[in-house]
Amino acid sequence: MARYTPAQIEPKWQQAWEDARTFLARPDPSKPKYYVLEMFPYPSGRIHIGHVRNYTMGDVIARYKRAQGFNVLHPMGFDAFGMPAENAAMASGGHPKDWTYGNIDDMVAQMKPLGFGLDWSRMFATCDPEYYGQQQRLFLDMLKAGLVYRKNAVVNWDPVDMTVLANEQVIDGKGWRSGADVERRELTQWFFKISEFSEELLTALEGLEDWPAKVRLMQENWIGRSRGLQFAFSLIDGPDGHDRVEVYTTRPDTLMGASFVGISPDHPLAKLLEKDNPDLAAFNADCRKGGTTEEALEKAEKRGFDTGLRVRHPFDAAWELPVYVANFILMDYGTGAIFGCPAHDQRDLDFARKYDLPVVSTYVPAAGEDGFTRPEAGGEAYVPPKTEKVHYVKGFAGEALQSGAEAVEAAIAFCEGKGVGQGVTKYRLRDWGLSRQRYWGCPIPVVHCDACGVVPEKAENLPVRLPYDEDGTPIDFSIPGNPLDRHPSWRDCACPSCGGPARRETDTMDTFVDSSWYFARFTAPDADTPTDMGAAEYWMNVDQYIGGIEHAILHLLYSRFFARAMVITGHLPEKCKEPFDALFTQGMVTHAIYQTRDAAGRPVYHFPEDVDLREGRAFLKDGTEAEVIPSAKMSKSKKNVVDPVNIIDQYGADTARWFVLSDSPPERDVEWTAAGAEAANRHLGRVWSISDRIAGMEDGPGTGDDDLLRALHRCIFDVTQGVESFGFNAAIAKLYAFTNTLSKSTASKSVQRQAVMALAQLMAPMTPHLAEDIWARQGGEGLLADAQWPKAEDRFLVSDTVTLPIQVNGKRRGEITVPKDLPVSEVEKAALNVDGVIRALEGAAPKKVIVVPGRIVNVVA
RNA sequence: GCCCGCGUGGUGGAAUGGUAGACACACGAGACUUAAAAUCUUGCGGCGGCAACGCCGUGCCGGUUCGAGUCCGGCCGCGGGCACCA
């Protein structure tokens, strides 16, 4: 008897697909197209098992759609710019370019044995000058269209290394290398005007029906549309040029509970005042310490500084409020100034108590104040949902009893009527800062000229290439700072406008720019324009996009913006405004962590291959027991990683592909276990043996042909539905069940052969090599990869009888098998005759009998 | 801090508001074997019972419903995101 040998089968069929050019995508107007795309990887150098899961899902869809008759585009590339390459160069010498391209070669070599049905001829990396040159062209077109501009923005500044830090390089407010306290510092930077599209990006979310609801909700919250009142407090004896403080509030209904005005440390007034007030200057400087993330700002202790200035309440000229500079107010949001209402905001309440400011409730619970403690009497801030009706004790517009939302609208109308400000709609979404003070990114193609200012590079001079060496010697990345900044022969150039001496922009682009249009480039990767409209017209949009939930907001929102910008600048057809028709967000692959502790009690981690598992406990080679921490995100530092290359060597690609799809729903995390991989491999061997057994059978009659065909068509139906709905794990469970049925079948050879060939077809998207091999051994015609998907035939799916569970008061007490179209009254009668039902009723007459035809019967006692 | 998601046997998980635990792992029993591995058969939520069967059970508390793992409200726990990681 022959055996399942993936090491021989897999390379053989990969070669066959390559020879037949099976997965090369060519436009073909006679066929419907299908574009399936997985988020392209960063070239770290090693693929990990999470990549295997991600690309296997895409491949299942791609191969399935192919079998359904679609002309499939399934490309692969690399998101190749970014900090790790520069970090590697800093840490161990070498050049980011060499490091990156070496990694890409390694990763392609690791991916090919997995047998993905990819069109490798379309592969590119975003660090290819052919790619980023086209990106520079897009940038210039966007600049011309007014979608790009410059303004000041804050960055993390490391005062010791004299460099800008990424958020991830700021650890507990300190620089990762220097350990120095990080400062927030302003630089002039380039921005994309994404905020101009806030409303459009928000409302268009409704049309993205095949996106996960949670991703749409996350984007909705991120864009953060709010309705509020913008108005000014008049400033008493303000410094020159400052007679008012403009504030924005989403709760104008609480205006009578205002107790202070707060401004951001970066507010123009705060900056003006700090010039003559060293204490305030020190306070502001202190506020500017620490990272720039929203999290860092929110978690910082709430602190304020009394400027000594006072403003007048808009409704009462005698009512004066103090003006504080407060560290929790963001200059980026609203006007950078607020009024605090401590009774209805916990943060304001904490602030008011700290600085001994008044607390005044404007509304109390509608149900009355029994058991309610007002904040001014020591209670918590009262913050009910905006939709809840409350009782206004210091209202000024609308009913005394109304919801917060109603009160807000009434307050806006009232204030507008009094000439106190106006109702405005604001968005939390900020413009997209794209400047990065780094080397390994797409150069921003502009030139700074003393005479002409900022001048775009001429189109014929694109791409503006990154320099590889510095006048013959390789660029040294061990020196702090941006190598482009200290590279005179690259930096100094002629002004494209006047020809005079000028300097190149030394900032490069955020790597999110690279990934915001690569999907469009895949439709024409060799075009000498950013896109080819004909190719885009045929292949776009991406029919199914697959990637991690961690990209739910930024990457996907930026891509949606870019698609719009590309439509405006004539690089994509109108229909591409929303480039991803359907989105699927897959979970991670996790693995247990094996941990012991050293003499000092610090954790020591161990690789899975160095651990023996016995009855759920883990032992090192020397017999020491290690603690097992289950299901943790794979990370090199915790050593809970498995290398796909090892898995393929040990079991073959099909086993790895099969396992990552089984057991867990694709949107959830899956835990990799050695036992699970082993079991997957055993199962594939079993399928192969069944096929081998059938091939060796004698022709002639058997028993249960019809039963096997019924089971087969049920399986075809279930698996088709499973693949269509991303229920890969459920589809695999059905394949297990059918394999068990087939292995025990005594049906005739012809029916068993038919069954095992269909089984191979159904498994082909997940385990294409095994499937192809079975197909060939059973005498299938041509490549299985070119065969049509099997169809579940109705005549094998329907049944004359139906088994109904019978419940009494919702508890199952028995079941009946009845003809499919037995009248309800007959079903009722049969149900009441069931032993368990009679017992449960204890002689009492049923009050009611609910018959759900074909599903269930419930007797109400 | 803010936003989002998830909690089902020893484990991963299945279940259009309709028989909770499909399928798989682990474990137990058995067959084959001199023995082991491999393979095959079989059992497997908890409690009680020889059994038939009964009671309990989907993180906790409450609600809607003939019927709730599923829908609603509150709580607890865990995970993800927070604009310069990709």
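Chain letters run A, B, ... following the sequence lines, proteins first, then strands; residues in each count from 1.
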Record whether the side chain of [X] comes under 3.5 Å of the base of [N] through a donor-acceptor pair of N or O atoms.
X       : N      : result
R438(A) : C84(B) : yes
R855(A) : U19(B) : no
Q189(A) : C84(B) : yes

Exercise. Between C23(B) and A15(B), how far is it from one C1' atom to the other, in whole Å?
Worked result: 12 Å

Exercise. C1' atom, C55(B) versus G10(B): distance in rounded Å?
Worked result: 23 Å

[N] phosphate, OP1 or OP2, under 4.0 Å from [X] side-chain N/O:
X       : N      : answer
N729(A) : A14(B) : yes
N221(A) : G81(B) : no
R430(A) : A83(B) : no

Give the nucleotide from the list [options] with an atom nearest to the side chain of [X].
X       : options                : value
S664(A) : G12(B), G54(B), A83(B) : G12(B)
Y558(A) : C53(B), C84(B), U19(B) : C84(B)
D510(A) : C84(B), C25(B), A83(B) : C84(B)
A737(A) : C84(B), C23(B), U19(B) : C23(B)
P665(A) : A14(B), G18(B), C85(B) : A14(B)
W222(A) : C82(B), C23(B), C84(B) : C82(B)

Exercise. For RNA chain B, whose closest nucleotide is more 5', that of E678(A) or that of Y42(A)?
Worked result: E678(A)

Hey, can you tell me if [X] and [Y] have their rings parallel, tilted or perpendicular (30° and 60° cut-offs)?
X       : Y       : result
Y518(A) : H555(A) : tilted
F192(A) : F561(A) : tilted
F584(A) : F726(A) : parallel

Exercise. So, T767(A) and D654(A): side-chain donor and acceptor under 3.5 Å apart, yes or no?
Worked result: no

For this session: Name the nucleic acid region contacted by G82(A), choosing base, sugar-phosphate or nothing; use a 4.0 angstrom heavy-atom cut-off, strictly under.
Result: sugar-phosphate

For this session: With heavy atoms under 4.0 Å as the rule, sort A679(A) into base, sugar-phosphate or nothing.
Result: sugar-phosphate

Exercise. If you measure from the Lys or Arg side-chain nitrogens to the Asp or Glu carboxylate oxygens, is any gap between K302(A) and D350(A) under 4.0 Å?
Worked result: no

For this session: Could you list the residues that satisfy side-chain hydrogen bond (donor to acceptor under 3.5 Å, both in side chains) with Y439(A), not counting sequence neighbours?
Result: H95(A)

Find every protein N or O atom lying less than 3.5 Å from an N or O atom of nucleotides 36-42 of chain B, and list the pairs.
residue, atom, partner, partner atom, Å
C40(B), OP1, R686(A), NE, 3.2

Exercise. In Watson-Crick or G-U wobble terms, both distances under 3.5 Å, what is the partner of C27(B)?
Worked result: G43(B)

Problem set entry | Protein proximity profile, nucleotides 56-71 of chain B - base contact B, sugar-phosphate-only contact S, no contact -, cut-off 4.0 Å on heavy atoms | S---------BS----

Problem set entry | Given T511(A), D510(A), T508(A), the one that forms side-chain hydrogen bond (donor to acceptor under 3.5 Å, both in side chains) with R436(A) | D510(A)

